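Since the structure comes first, as structure tokens, the remarks are kept for the end.
Computed from a predicted model, the values in this text were never measured in an experiment.
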Amino acid sequence: QVQLVESGGGLVQAGGSLRLSCAASGRTFSPYVMGWFRQAPGKEREFVGAVMWNGAGTYYGDSVKGRFTISRDRAKNTVYLQMNSLKPEDTAVYYCAARLLGGDYWYTGVNEYHYWGQGTQVTVSS
């Protein structure tokens with residue numbers, strides 16, 4: 001059974017950086033897309049970005065374009081979210097997710113992912 005575990009969250013001042021990690025474990029791990037989402041208190045879960053596991057490309061939500069970068073290390077079964085120029089509005093619980101099947105499409109909805117991690121808190125102070 002696939003398990004996803006996020007780490008790297010914490011408290012950072014506005015303008016700072018954090019790198020989140022999502023480590024996958026299980027008998028097999030061969031997703032089509034790995035995504036990052038975030039959820040602030042009282043708000044719906046929001047798409048942050050995604051990376052095709054084969055490395056073909058990445059896609060980002062408008063609110064983080066130019067500031068966040070997703071990468072993956074297939075040998076380590078790990079996906080990363082590099083967060084730069086952080087803003088207070090980036091404060092949220094960040095989740096990684098996996099979709100096992102896909103086509104020529106960028107999946108941005110929470111219902112389009114099959115497995116989820118427990119989340120890691122990111123707090124950006126002004």
Side-chain angles (χ1 to χ4, degrees):
Q1 194 171 28
V2 174
Q3 293 183 338
L4 305 176
V5 180
E6 302 96 334
S7 62
L11 176 64
V12 64
Q13 291 185 332
S17 299
L18 284 174
R19 189 181 74 161
L20 306 184
S21 299
C22 174
S25 63
R27 291 184 298 165
T28 61
F29 186 68
S30 185
Y32 184 78
V33 172
M34 292 292 298
W36 284 96
F37 292 78
R38 65 187 183 184
Q39 188 165 24
K43 296 185 178 180
E44 296 182 349
R45 195 164 295 188
E46 175 191 19
F47 175 77
V48 174
V51 60
M52 296 181 67
W53 197 241
N54 64 8
T58 55
Y59 185 72
Y60 301 95
D62 289 340
S63 63
V64 305
K65 286 181 179 178
R67 300 188 298 122
F68 292 7
T69 303
I70 297 174
S71 60
R72 88 281 185 271
D73 188 332
R74 297 177 70 183
K76 297 181 178 179
N77 289 154
T78 301
V79 62
Y80 304 95
L81 180 65
Q82 179 65 48
M83 310 166 66
N84 299 325
S85 302
L86 284 163
K87 306 174 182 179
E89 52 263 43
D90 295 319
T91 296
V93 176
Y94 283 71
Y95 301 88
C96 69
R99 179 178 173 87
L100 302 184
L101 301 174
D104 192 14
Y105 174 76
W106 286 109
Y107 299 93
T108 61
V110 296
N111 294 330
E112 296 176 313
Y113 288 79
H114 305 292
Y115 300 101
W116 293 83
Q118 83 287 354
T120 184
Q121 176 70 48
V122 173
T123 302
V124 184
S125 62
S126 59

What residues, two or more places apart in sequence or in another chain, satisfy ring-ring contact (aromatic ring centres under 6.0 Å, His included) together with Tyr113? Phe37
Inspect the surroundings of CD in Glu89 and state if more than 12 heavy atoms from other residues, nucleotides or ligands are less than 6.0 Å away. yes
Looking only at heavy atoms, which two atoms of Leu20 and Trp36 are closest? And how far apart? CB-CH2, 3.7 Å
So disulfide bond (SG atoms under 2.5 Å apart) across residues 55-84, not counting sequence neighbours, yields none
What's the shortest heavy-atom distance between Asn54 and Arg74, and which atoms? CA-NH1, 4.1 Å
What is the minimum heavy-atom distance between Ala92 and Ala40, and which atoms define it? CB-N, 3.8 Å
Quick one: does any side-chain atom of Tyr115 pair with a main-chain N or O of Leu100 as donor and acceptor, under 3.5 Å? no
Which donor-acceptor pairs under 3.5 Å do side chains of residues 5-16 form with protein atoms, sequence neighbours excluded?
residue : atom : partner : partner atom : Å
Glu6    : OE1  : Gln118  : N            : 2.9
Glu6    : OE1  : Gly119  : N            : 2.8
Glu6    : OE2  : Cys96   : N            : 2.8
Glu6    : OE2  : Gly119  : N            : 3.3

ring-ring contact (aromatic ring centres under 6.0 Å, His included) with Tyr107: which residues, sequence neighbours excluded? Tyr105
Considering only residues two or more places apart or on different chains, which pairs with a residue in residues 49-66 satisfy salt bridge (charged side-chain N to carboxylate O under 4.0 Å, His left out)? Asp62-Lys65
Quick one: list whatever passes salt bridge (charged side-chain N to carboxylate O under 4.0 Å, His left out) with Arg67, sequence neighbours left out. Asp90
Would you confirm whether Arg99, through its side chain, and Glu112, through its main-chain N or O, come within 3.5 Å as a donor-acceptor pair? yes
Is there side-chain contact between Tyr59 and Val33, with at least one heavy-atom pair below 4.5 Å? no
So the disulfide bond (SG atoms under 2.5 Å apart) pairs with at least one residue in residues 35-79 (sequence neighbours excluded) are none
Ring pair (Phe, Tyr, Trp, His ring centres under 6.0 Å) contacts touching residues 80-102 (sequence neighbours left out): none
Quick one: ring pair (Phe, Tyr, Trp, His ring centres under 6.0 Å) pairs with a partner in residues 6-35, sequence neighbours left out? Phe29-Trp53
Could you give the distance from CZ (Phe47) to OH (Tyr60), rounded to the nearest 0.5 Å? 9.5 Å
With rounding to the nearest 0.5 Å, note down the distance linking OG1 in Thr78 to CZ in Arg72. 11.5 Å
Short side-chain to backbone donor-acceptor contact, Thr58 and Val51, under 3.5 Å: no
To the nearest 0.5 Å, what is the distance between CH2 (Trp116) and SG (Cys22)? 10.5 Å
Could you state the interatomic distance from CG (Leu18) to CD (Gln82), rounded to the nearest 0.5 Å? 8.5 Å
Interatomic distance, Thr69 atom OG1 to Arg19 atom CZ [nearest 0.5 angstrom]: 12.0 Å
Pairs flagged by salt bridge (charged side-chain N to carboxylate O under 4.0 Å, His left out) wherever residues 116-126 is involved - sequence neighbours left out: none
Taking only residues two or more places apart in sequence or in another chain, which ones pass salt bridge (charged side-chain N to carboxylate O under 4.0 Å, His left out) with Glu46? Arg38
Those residues at least two apart in sequence (or on a different chain) that pass side-chain hydrogen bond (donor to acceptor under 3.5 Å, both in side chains) with Gln121 are Thr123
Would you give the length of the straight line joining atom CG of Asn77 to atom CE of Met34, rounded to the nearest 0.5 angstrom? 9.0 Å
